[in-house]
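Heads up: numbering here begins at 1 and tracks the sequence.
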Amino acid sequence: ILSSFYRNNFKDKFLFINKNWKWLYRVNFKKKIYPLALFVNGKMVGHSGHMPFEFLINKKKYISSWFIDFKIDSKFQNQGYGTYLVKEWKKKIQIGFAFCNNKSLRVFKKNKWSHDKNFFMFSLFINPFNYFKLGKFLPDKVKYILNNFFSIFFKIIKKFKKQKIIFKNKNYKNFKLINKKKNLNYFKWRILNSPNFKNYKIVSLEDKKYFFLLRVNKKRNIKYLEILLFSEDIDSNYFRNFVLNLHSWSFKKNYCFLKILLKKEVVKKINILTSIKKKINFV
C-alpha cells in the first residue's frame, strides 16, 4: 500500500523513498517516531514523513523533527484531512520544522505554525549551457565554447582571492569543524549511513579557516553541487570568497550550478551576478 502511494504521489523520488525509507525517516531514532499514513474507508489518502533529531537550545535538548513528504490525495484535498494529519504528526515531538509550498503553507498556518519569510534558495550558474532548458538543442561543442565564454566573463567581473579547494576525510573530527552543535549520532545517520555517502564531500579553502559539507547531485543527466552545512559564525565576505572559489573549481569539473539555502541577509551581502534567488516558505 505504501509503495503504491509513493509511486503515485512522489514520482520524482519514488525509487529513492521505496529503497531507503528506513534511513530517510530515521526509524531507528531512539524515540521511535514514525511517518504517518492516513486512511479513509480503507484507502490510503495521505502521508506525512518524520525526520527526527535532537535540537539543542541553551544546552537543553528538544525532541524535534523535519516534516517531509507531506501529501494528501488530490481527490481528498480541501476536506480537512491535511489539517488533521498535521495535528497528529506533532503529538510525539516538541519542535517541528518544514519547508513547504504555498498550498501546504495554508495547512500549517491553520495549525498555528510560525512562518519565517527570510529564506531563499540561492542558485549560481557555473556551466549554464549544460542546463537542459538552455542547452537541450545545442551540440556539445557549441555548449563547451559558450560555457567557456561565460566562465571568462564571470572571472572578469568577479574578482576574488584565489585559493585551492581542499578535500578532507569524512570523519567525525572534520564534521565537528563544520558545526559543533551536530552530535555523533546525527553524523552517523546523515553521512556515514547515508545511501548517498559517496556523494558527500567535506571541503575547505587552503587556509582551513572554515569547513563545509557539500553534496554532489545528478538529475536528468545534469550535475550540480549543494552546500549543505557550514559554520553559523562565518563572515559573509569569507563565505562569498569560498563560493567564488568553489565556482571556479566546479567549472573545471563540469558542474552545471551550485545551490545553497540562505537567509535573506546573507543573500544580500554576497550578491553574486548570474545567480537566481527563489523565496522558500520555512515554518
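The two residues K170 and L192 come nearest to each other via the heavy atoms O-CD2, 3.8 Å. For F70 against S48, the heavy-atom pair with the smallest separation is CD1-CB, 4.2 Å. The two residues I166 and E206 come nearest to each other via the heavy atoms CG1-CA, 3.6 Å. Nearest heavy atom pair, residue L205 against residue Q163, reads CB-OE1, 3.6 Å. The two residues L124 and S275 have their closest heavy-atom pair at CD1-CB, 3.9 Å. The two residues N174 and N169 have their closest heavy-atom pair at ND2-O, 2.9 Å.
Take R190 and apply the salt bridge (Lys or Arg N to Asp or Glu O under 4.0 Å) test, not counting sequence neighbours, and it matches no residue.
Under the salt bridge (Lys or Arg N to Asp or Glu O under 4.0 Å) criterion, the residue pairs touching residues 229-238 are K181-E232, with sequence neighbours excluded. Applying the ring pair (Phe, Tyr, Trp, His ring centres under 6.0 Å) rule to pairs touching residues 168-198 yields W23-W189, Y172-F187, F175-F187, Y186-W189, sequence neighbours excluded. Listed by first then second residue, pairs satisfying salt bridge (Lys or Arg N to Asp or Glu O under 4.0 Å) with a partner in residues 86-95 read E88-K91, not counting sequence neighbours. Residue pairs meeting the salt bridge (Lys or Arg N to Asp or Glu O under 4.0 Å) criterion with at least one member in residues 274-283: none, sequence neighbours excluded. Screening residues 9-24 for salt bridge (Lys or Arg N to Asp or Glu O under 4.0 Å) gives K13-D69 as the qualifying pairs, with residues at least two apart or on separate chains.
In this structure, F99 has its ring center closer than 6.0 angstrom to the ring center of F282. F108 has its ring centre less than 6.0 Å from the ring centre of F67. Aromatic pair F167/W249: centroids less than 6.0 angstrom apart. Residues Y25 and H47 place their aromatic rings such that the two centres sit under 6.0 Å apart.
With hydrogens and angles left out, the side-chain atoms of N217 and E226 include a donor and acceptor closer than 3.5 Å. For the residue pair N102/N281, the side-chain donor-acceptor check at 3.5 Å is satisfied. No hydrogens or angles considered: a donor-acceptor pair under 3.5 Å links the side chains of N101 and S104.
Inter-residue side-chain proximity for L228 and K201 is flagged as unmet; no heavy-atom pair is nearer than 4.5 Å. When side chains are defined from C-beta on, N148 counts as touching F251, because their heavy atoms get closer than 4.5 Å. In this structure, V283 and C100 have side chains that are in contact, with non-hydrogen atoms separated by less than 4.5 Å. Y81 places none of its side-chain heavy atoms less than 4.5 Å from the side chain of D73. Here the side chains of N171 and I202 are not in contact, with every heavy-atom distance at 4.5 Å or above.
The aromatic rings of Y6 and F10 sit tilted relative to each other, their planes meeting at an angle between 30° and 60°. Using cut-offs of 30° and 60° on the angle between ring planes, the pair H247 and F154 is parallel.
Ion pairing of K30 with E54 is present here, as a side-chain N (NZ or NE/NH1/NH2) and a carboxylate O approach within less than 4.0 Å.
Across F97, W66, Y34, W89, a single residue satisfies ring pair (Phe, Tyr, Trp, His ring centres under 6.0 Å) together with H50, and that is W89. Applying the side-chain contact (heavy atoms from CB on, under 4.5 Å) test between F230 and each of F212, Y210, F211 identifies F212 as the sole match.
Clustering ILVMFWY residues whenever any of their side-chain heavy atoms sit less than 4.5 angstrom apart, transitively, puts L146 in a cluster other than the one holding I222.
Atom CZ of F149 sits in a sparse spot, with 12 or fewer heavy atoms from other residues, nucleotides or ligands closer than 6.0 Å. More than 12 non-hydrogen atoms from other residues, nucleotides or ligands lie less than 6.0 angstrom from CD1 of I57.
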Go through it in stages, so that I can follow the logic: the residues are F257 and Y224, the test is ring pair (Phe, Tyr, Trp, His ring centres under 6.0 Å), and I'd like the CA-CA distance, side-chain angles, deciding distance and then a yes or no. CA-CA 5 Å; F257 57 89; Y224 66 95; 4.6 Å; yes
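Using modelled atom types, one side-chain atom of N9 and one backbone atom of F5 make a donor-acceptor pair closer than 3.5 Å.
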